[in-house]
Undergrad: 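Below you'll find the structure I mean.
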Amino acid sequence: MSTPLEDQNFADDIVQVKLYEASLPESKTFLPWHRPRKQFVRDRQWRTQIERMLTDSPLADGTLRYLGLPGADLLDLRHFHSEICESRNLKLRFLGFNSNARAASKGQTELNVALDEVLRLPYVDQKSDVLGDNFALIAQDDSIACRKAQEFGPYDVINLDFCDGFGGQVPGTPTNNYYEAIRKLFAIQARSKSPWLLLLTTRADSPNINATLLEALLNKYIANLVECANFKAASNEKFGIGDETGLRETIATANGLLQIFLTGLCKWFLAMSLAQQPPTTLKLCSVIGYRVDPKSEHEDLISLALRFTPTFYPVVDPLNVASLPVSIPNECDLATMALNRVASRVDADKVLLDDVTVNNEMIESSASLLVSARYDAQAYREWLDKG
Amino acid sequence: MTTNAQQFQEVHDESELATSIRNSHGTENIVQTTLQTDQRVIARVTDGIYRQPGSALRELISNSYDADATRVVIKTDAPRFERISIEDDGHGMAPEVLAHLLLHIGGSAKRNVAGPALGVTSGSDPMLSPNGRRLIGKIGIGLFSVSQLTHTFQIITKVKNDNYRTIATVALRQYADDNAETDVDGEKRFESGKVNIWREKATDIDSHGTTIVLTSIRPQARDTLRSRDIWSAIEQSESLANKEEIQTIEPPRFHIGCVDEKGEILKKTAGDVWALPWEKGDAPDVAFRKLVDGVWGEIERSTPNPQLERIFDYYLRMVWQLSLAVPLPYVDGHLFDVDLDGWSEAFALSNQPKGAAQTIDLSKPGPLRDKIGLTDPVGIGQFDVYFDDLKLFRPIKFKGLPVTNNALKIPLVFVGKCREEFSKLPRELSGGPLAFEAYLFWTPKVAPTEHQGSLIRIHGSSGTLFDPTFMRYQVSELTRLRQITCEIFVSEGLDSALNIDRESFNSAHPHSVYITRWLHGALRQLASTQKRLANEAREQSRDESAGAARTEIQKVASEVWMQEADDPGSNPPTIELKNDESKSSSIGETYVFSRSAVMPERKNSRTSKSKAHDDVLEEKLKAIAQVLASFGLLDAVTKRRQENLLKAIYEILDAPGE
């Protein structure tokens, strides 16, 4: 809040830094997202899905446009640079949102070093930047966040790794609203001529899902059960849900809530993308989860990879002057596919526990990524050994 | 999990500091030192010695240049200006260089014996960079010029083949003169700042360069960068209740926008949140060309003498000034590289006090450079400067300039080169030899007005910008001086005449005195050549337009113009009163005003007699406007106020005598 006019004084705000101290680096600390399971998501879902998309639809101008919420060590950007951009000879132009870029932030010293390293990588476009603004500000037309997002977009990859959970907010709140920010991003993406990926990571346990949001998603689910036979059949087969009663019963279980929340989220994205003109189709390509809360019965942190493909379907002419029949993408089919993919979600913890080779591979690649961000490999292994 | 607790080591000796930095492996080993100077005056440097926040950026770009960078990327976070970074691909600083820099503010290793040993200058010549550029910096305060913008900053630097990055965070002490401490030898030391330094492992062994991040911009500097004076004046004028009473203040024609108090939301100003001559997403070089074209385009928008001061906000003016100041290529090429045949006449300037300019034969193809052996620029090599959306070039244009009503339709180019050994003076008095090349470009219209004057570059760099007085040229040829853009490229000497901020010269220095005399001689040669050519052109156009009648009123205006301009080729500017809906047909030298704003519509219907009276009034009003323009008075105020002024004059002319 700014000071009211009558309380202002000529001496106010002349000197910015009241403390005469040079900042210190923060000690290198290993954090939950440095574990191999995050690397499993980063590589087996994010990198794999980006590569698949690029193979299916190579980029026209050789620049991969990326919007994300990177951590201060910029691990994801480093990984995509070395694993995708170098081998495919692609420039990486990224726009990141991280509060450490704000002047008063304690983490700024580290972010500055990481940015220096990343901006000097051979395939990183010099225009790339990290803003200190809250990502949710994208929702506001005249915000710096929104204007920058428009300037850098449309994107090939949008990677929203929400540490605080995507579904926890009350829909309709005027500020810091992720739902509105996503809607704005869809508007920016509507200009994309080529397929693009949305990588969404969110908490998906009961305390992190807002009841109003859930109700809206449930209503959409119920509508699909009524209107779409294929969806209903798949829902019955995979989740044992055939009607509203079944839905309400299932949602009371942790796994049921997880499945329905994820399916509902996809249906929300699908509704928005199909409403675009011409419509954009959606395919849920991958679902990977792991447990943040060790006591959790099921995976409580989920990463979704959704591929959006713009289409060129004409509108149905209200005057029927242009009368050739139009086959528009079918929400019913796309929603059914998404449901089937949710049902086959991968449990990263289980994969790494069961498959020593994959586990070792993820430890190795995690360690080398951390070393590029100036962490010590030996200390990392010791930290992992301690559990 | 935290690895280890941080350990601190305080060091104040230079070689010990360098060794300690080298021995720091990671964020646990922090080396601490203080910035100390033994002179009060240097201690003051860290309080800020520059007039403008933009000067600090100029100094940082110059540092990158001296470090042989081929690319500098500046991100200012405009229009918020919370975090500014300057990244270059220069040599970077080894621990020894950083230690020297921090402990010798004002005692740069550049240009002295320490330079080659530290590797910051060429092994054979301490006046050159390792790759052979002529150095811009000399006294080692360049980095500390950031104090104009911030008191805290971070240096991240790496030299090639080093498997570590060196990182330093600096807090400058503010208003330091009261903080003298006496050391063991009884000498006073002035602490100017505190520094933390550490090294961190690097996997990009080959990379090299320095990044400076200014972490919290000083409120006053931020206000200047944000053009707060303009925006708060607009806000105040909008908030006043009685809008009829006050002058509406309009935003500048081009601006980057204005943020709210929290620095998150851009305010709407006349339609959009910003008014840029380029599109977001334009390639940086294209965007810069559009910026330059935007200024020239103002002439066609009925502002004969566009001033950056009026059409730009602070940020855009700063970008423009930086583009003029640092060693860069020209937006449309160097004048010396242009083939002038067909669109200009060229003359070689004499270096003799009473000499005359000689015509250069342009009939044979080829650039001016080849015709008289011009060498500027020397040894700059590739130097690309990216500034937010823009790639910077020198924004000076020579070709494709707007047509005017001057009888001389083509520009005149005067070039000179000079080397003075001062052989009659001992070196300690003369400051050694002085060598330079120069051009004086005469054209009926120089835009923007800030380009009217002489600009001196030393080794490609200039902190002084255009001097509209041409080094205090006494002759009253104001109109002609406003038609000249002059650049003097000094390749040897003069820099000892530069004052510490590099924004002004010691005018008593022999090199300053010599260049002043040379320039004034060149101006005399230009004036006599231009007058002769203008007379010839005048005669020709008189023959063509013989018989065109002029009223007594027009004659007065023309004679005043001629007397003030001292240019036989020129005519007073046209004054056009435009009906609001009509489109102006004017080109070049025309002031276009809204008729309704200057001459309020008559309420009663007019007889033929009163119509004739109105026509005379209009002619008188236009002549008065021309007379005002002759004395440069019209351009002294904004367009809106010009209209108000003319309206007042009109009302006096129209008022009954009793």
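Both backbone and side-chain heavy atoms feed into the values below; hydrogens, waters and symmetry mates do not. No experiment lies behind these values; they were computed from the predicted model shown.
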Undergrad: Taking atom types as modelled, is there a side-chain donor on B/Thr70 or B/Asp89 under 3.5 Å from an acceptor on the other?
TA: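 There is such a pair between these side chains.
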Undergrad: Would you mind checking which part of B/His208 comes under 4.5 Å of any heavy atom in chain A, side chain (CB onward), backbone (N, CA, C, O), both or neither?
TA: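 Just its backbone gets close to chain A.
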Undergrad: Which atoms of B/Phe8 come close to chain A, meaning under 4.5 Å heavy atom to heavy atom: side chain ones, backbone ones, both, or neither?
TA: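 Only the side chain of B/Phe8 comes within 4.5 Å of chain A.
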Undergrad: Quick check: does any side chain N or O of B/Arg218 sit under 3.5 Å from a backbone N or O of B/Ser147, one acting as donor and the other as acceptor?
TA: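 Yes, B/Arg218 side chain to B/Ser147 backbone: donor-acceptor pair under 3.5 Å.
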Undergrad: Is chain B contacted by the side chain of A/Thr109, its backbone, both, or neither, given a heavy-atom distance below 4.5 Å?
TA: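 A/Thr109 touches chain B through backbone and side-chain heavy atoms alike.
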Undergrad: A/Leu131 versus chain B, heavy atoms under 4.5 Å apart: side chain, backbone, both or neither?
TA: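 It is the side chain, since no backbone atom gets that close.
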Undergrad: Scan A/Val118, A/Leu67, A/Asp125, A/Asp129 and name whichever one has a side-chain contact (heavy atoms from CB on, under 4.5 Å) with A/Phe94.
TA: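 For A/Phe94, the side-chain contact (heavy atoms from CB on, under 4.5 Å) test succeeds with only one of A/Val118, A/Leu67, A/Asp125, A/Asp129, which is A/Val118.
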Undergrad: Report yes or no: does B/Thr215 contribute a side-chain atom to a donor-acceptor pair with the main-chain N or O of B/Thr152 at less than 3.5 Å?
TA: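 Yes, B/Thr215 side chain to B/Thr152 backbone: donor-acceptor pair under 3.5 Å.
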Undergrad: If you look at every heavy atom in A/Leu92 and A/Ser128, which pair is closest and at what distance?
TA: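 In terms of heavy atoms, the two residues are closest at O-OG, 3.4 Å.
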Undergrad: Would you call the rings of B/His255 and B/Trp231 parallel, tilted or perpendicular, taking 30° and 60° as the class edges?
TA: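 If you compare the ring of B/His255 with that of B/Trp231, the planes turn out perpendicular.
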Undergrad: Counting only non-hydrogen atoms closer than 4.5 Å, does B/Val170 touch chain A with its backbone (N, CA, C, O), its side chain (CB onward), both, or neither?
TA: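 Interface part for B/Val170: backbone (N, CA, C, O).
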Undergrad: For the pair A/Arg374 (side chain) and B/Thr27 (backbone), establish whether a donor and an acceptor sit closer than 3.5 Å, ignoring hydrogens and angles.
TA: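 Not a single qualifying donor-acceptor pair exists.
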Undergrad: Give a yes or no on whether the ring-centroid distance for A/Trp196 and A/Phe186 is below 6.0 angstrom.
TA: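 Ring centroids of A/Trp196 and A/Phe186 are less than 6.0 Å from each other.
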Undergrad: Under a 4.5 Å heavy-atom cut-off, does chain A meet the side chain of B/Lys194, its backbone, both or neither?
TA: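 Interface part for B/Lys194: both.
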Undergrad: At a heavy-atom separation under 4.5 Å, does A/Ile144 approach chain B through its side chain, its backbone, both, or neither?
TA: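 For A/Ile144, backbone and side chain are both near chain B.
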Undergrad: Name the option with the most non-hydrogen atom pairs under 4.5 Å to chain B; the candidates are A/Glu151, A/Gln108, A/Gln126.
TA: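 If we count pairs closer than 4.5 Å to chain B, A/Gln126 comes out on top.
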Undergrad: For chain A, which residues from residues 153-165 of chain B lie under 4.5 Å away (heavy-atom distances)?
TA: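 Listed by number: B/Gln154, B/Ile156, B/Arg165.
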Undergrad: Determine the option with the most heavy-atom pairs under 4.5 angstrom with chain B, choosing from A/Leu137, A/Leu119, A/Asp141, A/Leu24.
TA: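 Top option by heavy-atom pairs under 4.5 Å: A/Leu24.
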Undergrad: Between B/Arg226 (side chain) and B/Arg80 (backbone), is there a donor-acceptor pair under 3.5 Å?
TA: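 Yes; judged by distance alone, with no hydrogens or angles, the pair exists.
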Undergrad: For chain B, find which of A/Ser105, A/Cys146, A/Ser143 contributes the most heavy-atom pairs closer than 4.5 angstrom.
TA: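 Option with the top pair count is A/Ser143.
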Undergrad: Tell me if a side-chain donor or acceptor on B/Glu82 pairs with a main-chain N or O of B/Ile217 at a distance below 3.5 Å.
TA: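 No: the side chain of B/Glu82 does not pair with the backbone of B/Ile217.
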Undergrad: Given 3.5 Å as the limit, does a donor-acceptor pair link the side chain of A/Gln189 with the main chain of A/Tyr155, or not?
TA: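 Checking the backbone N and O of A/Tyr155 against the side chain of A/Gln189, a donor-acceptor pair under 3.5 Å is found.
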Undergrad: Examine distances only and state if a side-chain atom of A/Gln169 and a backbone atom of A/Tyr178 form a donor-acceptor pair shorter than 3.5 Å.
TA: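 Confirmed, A/Gln169 side chain pairs with A/Tyr178 backbone.
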Undergrad: With chain B as the partner, which of A/Gln140, A/Glu117, A/Lys148, A/His34 has the greatest number of non-hydrogen pairs under 4.5 Å?
TA: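 Among the listed options, the one with the most contacts to chain B is A/Glu117.
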Undergrad: B/Thr169 versus chain A, heavy atoms under 4.5 Å apart: side chain, backbone, both or neither?
TA: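 B/Thr169 touches chain A through backbone and side-chain heavy atoms alike.
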